[in-house]
Amino acid sequence: MHQCTDDSLLDLLGAGNVTVYAGFDPTASSLHLGHLLQICTLRRLQLAKNRPIALAGGGTGLIGDPSFKATERPLLTVEELNHNVLGIRSQLARFLDFTDSAGSSRALLLDNSAWLTTISLTDFLRDVGKHFSVNQMIARDSVKSRLDRADVGLSFTEFSYMLLQAYDFYRLHVDHGCTVQIGGSDQWGNIVGGIELIRKMTSHASFGLTSPLLLRSDGQKFGKSEGGNDRVWLDASLTSPFQLFQFLLNSDDETTPTLLRFFTFLSHEEISELDEKTQNSPQERAAQRALALAVVSLVHGDEAASSALRASEALFSESISELDEATLLEVVADAPSTNVNRDEVGSGLDAVELLVRTKLAASKAEARRFLDQRGVYVNNVRIEPTDAITLDHVLHSRYLILRRGRHQTHLIVLS
RNA sequence: GGGCCGGUGCCCGAGCGGCCAAUGGGAUCUGGCUGUAAACCAGACGGCUUUGCCUACGGGGGUUCAAAUCCCUCCCGGCCCA
């Protein structure tokens with residue numbers, strides 16, 4: 001927990017029977033690891049007999065949340081948005097219990113476009129806008145940087161976002177008895193706006209709860225994937241189960257305890273046992289492995305998790321060229337692959353060419369750089385800048401494992 | 001509508017006629033050391049048919065032997081005035 005509007009809230013949630021919501025704006029077609037934190041919290045609260053509402057932001061996504069964003073963002077087209085809403089709705093549906101067996105804590109999946117796109121402008125301004133003071137709104141930290149900076153502005157569209165989110169909370173309160181909103185720490189201002197709106201319009205009390213921004217021990221934002229600016233997605237076609245597994249396995253020692261607590265549903269005993277192992281024998285990475293296994297299970301299922309674990313161990317601990325064919329294929333199942341004509345290899349294939357073709361290098365110049373820096377491996381054996389790739393490298397008469405750097409693996413299949 | 005300021009590589013940001021593929025920082029990548037961490041150290045960081053050539057400093061046009069740098073114009077952003 002990062003901030004909480006009222007300390008009595010925790011007792012309330014412990015007792016159960018509270019309706020809680022978290023919103024997810026469809027800025028992309030998939031949710032990412034950052035969203036998983038809110039999802040886990042909802043799930044945890046559901047396990048404690050509260051009723052979770054997952055709200056897809058089909059309406060708020062039309063506007064765009066300016067909170068703590070450095071610049072105005074381009075608007076998504078309606079087509080993109082619909083596509084994204086579809087994607088994240090189906091993902092949200094996987095994490096909570098929507099069946100009748102959950103009884104009074106059965107989860108709800110809603111989309112705020114249902115009310116945001118139908119309310120009339122004048123109704124909205126009279127009923128909702130009247131309760132907001134611009135004086136207070138411009139004082140919020142979440143928009144302050146945009147107002148203070150000399151080179152960027154803040155459009156009325158984005159400025160209004162807070163009202164929409166506040167109205168969401170109000171509608172969920174009135175229609176579904178929702179009294180708590182959770183979110184990341186950047187959502188504090190928006191959540192408080194909703195609480196005040198509910199108080200002014202109904203004189204009911206409601207609550208907010210935010211979670212801390214997850215940081216790695218080096219201060220970077222958590223959740224950016226290996227290889228740059230891409231996020232770690234929950235959609236298997238964007239981030240494969242193996243990649244997700246590896247990402248979590250590579251968590252550093254300092255953040256792993258926090259991640260275990262946020263993202264897994266292990267018992268207190270199990271977690272403190274893992275903490276101890278990290279203390280005493282960090283090189284075993286027991287906590288990281290448990291974390292990776294638990295999260296991949298949660299997101300992609302047990303089977304995907306155990307095969308990711310097997311692949312991970314095989315790929316890094318054994319000499320890959322000694323694996324039998326079936327095991328080898330399983331290890332690289334998630335890796336991207338490319339077909340190459342057998343004849344090309346027969347005459348000796350240029351490594352530069354192959355790196356570009358497999359997209360392991362973005363250009364020939366980059367491929368040469370990797371080779372010069374001695375960062376290219378065939379079947380886990382480093383090759384020299386001048387080496388050609390020949391039939392001698394081929395495993396099981398049709399496979400080549402090409403790797404760039406520590407983590408980028410590619411399967412080449414001869415045809 | 002008027003006045004002023006600004007738009008440079010992934011981001012921030014210097015350059016303000018030739019010595020500019022463009023200083024610096026961050027991010028990223030590769031290697032080293034490690035534990036498939038972190039920290040640290042070293043190097044790379046537009047492309048190509050690579051002692052050279054091509055494409056790039058918001059778009060288009062112009063001046064000049066020569067433009068990211070000067071002029072015109074358009075687009076976009078900011079501030080102030082109406």
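Values below: all heavy atoms of this structure, side chains included; hydrogens, waters and symmetry mates excluded. In the text below, chain A, chain B and the rest are named by the order of the sequence lines, each starting its count at 1.
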*Asks:* Which whole-number value in Å describes the distance from R374(A) CZ to rG43(B) C1'?
*Replies:* 14 Å
*Asks:* Checking E158(A) side chain against S155(A) main chain: does a donor-acceptor pair fall under 3.5 Å?
*Replies:*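 No, the answer is negative, given that no donor and acceptor are paired below the 3.5 Å cut-off.
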*Asks:* Could you list the residues that satisfy salt bridge (Lys or Arg N to Asp or Glu O under 4.0 Å) with E79(A), not counting sequence neighbours?
*Replies:* none
*Asks:* Using distance alone, with no hydrogens and no angle criterion, decide if H410(A) and T338(A) have a side-chain donor and acceptor under 3.5 Å apart.
*Replies:*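 Yes, side-chain donor-acceptor contact under 3.5 Å.
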*Asks:* Can you list every salt bridge (charged side-chain N to carboxylate O under 4.0 Å, His left out) pair that touches residues 38-50 of chain A, not counting sequence neighbours?
*Replies:*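 Residue pairs with at least one partner in residues 38-50 of chain A: there are none.
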*Asks:* Quick one: ring-ring contact (aromatic ring centres under 6.0 Å, His included) partners of F242(A), sequence neighbours excluded?
*Replies:*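 With sequence neighbours excluded, F242(A) shows a ring-ring contact (aromatic ring centres under 6.0 Å, His included) to no residue whatsoever.
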*Asks:* OP1 or OP2 of rG35(B) less than 4.0 angstrom from a side-chain nitrogen or oxygen of R289(A), does that happen here?
*Replies:*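 Checking rG35(B) against R289(A), no side-chain N or O comes under 4.0 Å of OP1 or OP2.
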*Asks:* Just N and O in the side chain of R404(A): are any of them under 4.0 Å from OP1 or OP2 of rC29(B)?
*Replies:*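 Answer is no, no contact under 4.0 Å.
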*Asks:* Can you sort out the partners of R171(A) under salt bridge (Lys or Arg N to Asp or Glu O under 4.0 Å), two or more places apart, ordered by chain and number?
*Replies:*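 Only D175(A) meet the salt bridge (Lys or Arg N to Asp or Glu O under 4.0 Å) criterion with R171(A).
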*Asks:* If you check the R369(A) side chain, which of rU36(B), rG47(B), rC29(B) turns out closest?
*Replies:* rG47(B)
*Asks:* Select one nucleotide: of rA37(B), rU30(B), rG32(B), the one nearest the side-chain heavy atoms of D252(A).
*Replies:* rA37(B)
*Asks:* Should the side chain of Q373(A) and the base of rG43(B) be counted as holding a donor-acceptor pair, with the cut-off at 3.5 Å?
*Replies:*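 Pair found.
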*Asks:* Taking salt bridge (charged side-chain N to carboxylate O under 4.0 Å, His left out) as the cut-off, I'd like each qualifying pair that reaches into residues 134-144 of chain A, sequence neighbours left out, listed once.
*Replies:* none
*Asks:* Quick one: is rA37(B) close enough that its OP1 or OP2 comes under 4.0 Å of any side-chain N or O from S251(A)?
*Replies:*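 It does not, given that no N or O in the side chain of S251(A) lies less than 4.0 Å from OP1 or OP2 of rA37(B).
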*Asks:* Return the nearest nucleotide to the side chain of L249(A); candidates are rG35(B), rG47(B), rU36(B).
*Replies:*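 Taking heavy atoms from C-beta onward, the closest nucleotide is rU36(B).
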*Asks:* Could you list, one pair per line, each protein nitrogen or oxygen that sits under 3.5 Å from a nitrogen or oxygen of nucleotides 50-56 of chain B, together with the distance?
*Replies:*
unit_1, atom_1, unit_2, atom_2, d
rU50(B), O4, R368(A), NH1, 2.8

*Asks:* Restricting to salt bridge (Lys or Arg N to Asp or Glu O under 4.0 Å), what partner residues turn up for E325(A), sequence neighbours left out?
*Replies:*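 Listed in chain order: nothing, the list is empty.
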*Asks:* Report the residues that fulfil salt bridge (Lys or Arg N to Asp or Glu O under 4.0 Å) with R342(A), sequence neighbours left out, ordered by chain and then residue number.
*Replies:* none
*Asks:* Protein-nucleotides 3-6 of chain B N/O pairs closer than 3.5 Å?
*Replies:*
none

*Asks:* Who pairs with H173(A) by ring-ring contact (aromatic ring centres under 6.0 Å, His included), at least two apart in sequence or on another chain?
*Replies:*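 So H173(A) forms a ring-ring contact (aromatic ring centres under 6.0 Å, His included) with H204(A).
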*Asks:* Which donor-acceptor pairs under 3.5 Å do the side chains of residues 296-305 of chain A make with protein atoms, sequence neighbours left out?
*Replies:*
unit_1, atom_1, unit_2, atom_2, d
S297(A), OG, L293(A), O, 2.9
S297(A), OG, D302(A), OD1, 3.3

*Asks:* Identify whether any heavy atom of E72(A) sits under 4.0 Å from a base atom; if not, whether one sits that close to sugar-phosphate; answer base, sugar-phosphate or nothing.
*Replies:*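 E72(A): no heavy atom of the nucleic acid under 4.0 Å.
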*Asks:* Closest approach to the side chain of Y377(A), judged atom by atom: which nucleotide of rC29(B), rA38(B), rG31(B) is it?
*Replies:* rG31(B)
*Asks:* Please, what dot-bracket string fits RNA chain B when only Watson-Crick and G-U pairs with both distances under 3.5 Å count, crossing ones use [ ] and pairs to another strand use |?
*Replies:* ((((((((.[[[..)..(.....]]].(((((.......))))).(((...)))...[[[[[..)....]]]]]))))))).
*Asks:* Name the residue closer to the 5' end of RNA chain B, choosing between Q288(A) and V356(A) according to the nucleotide with the nearest heavy atom.
*Replies:* Q288(A)
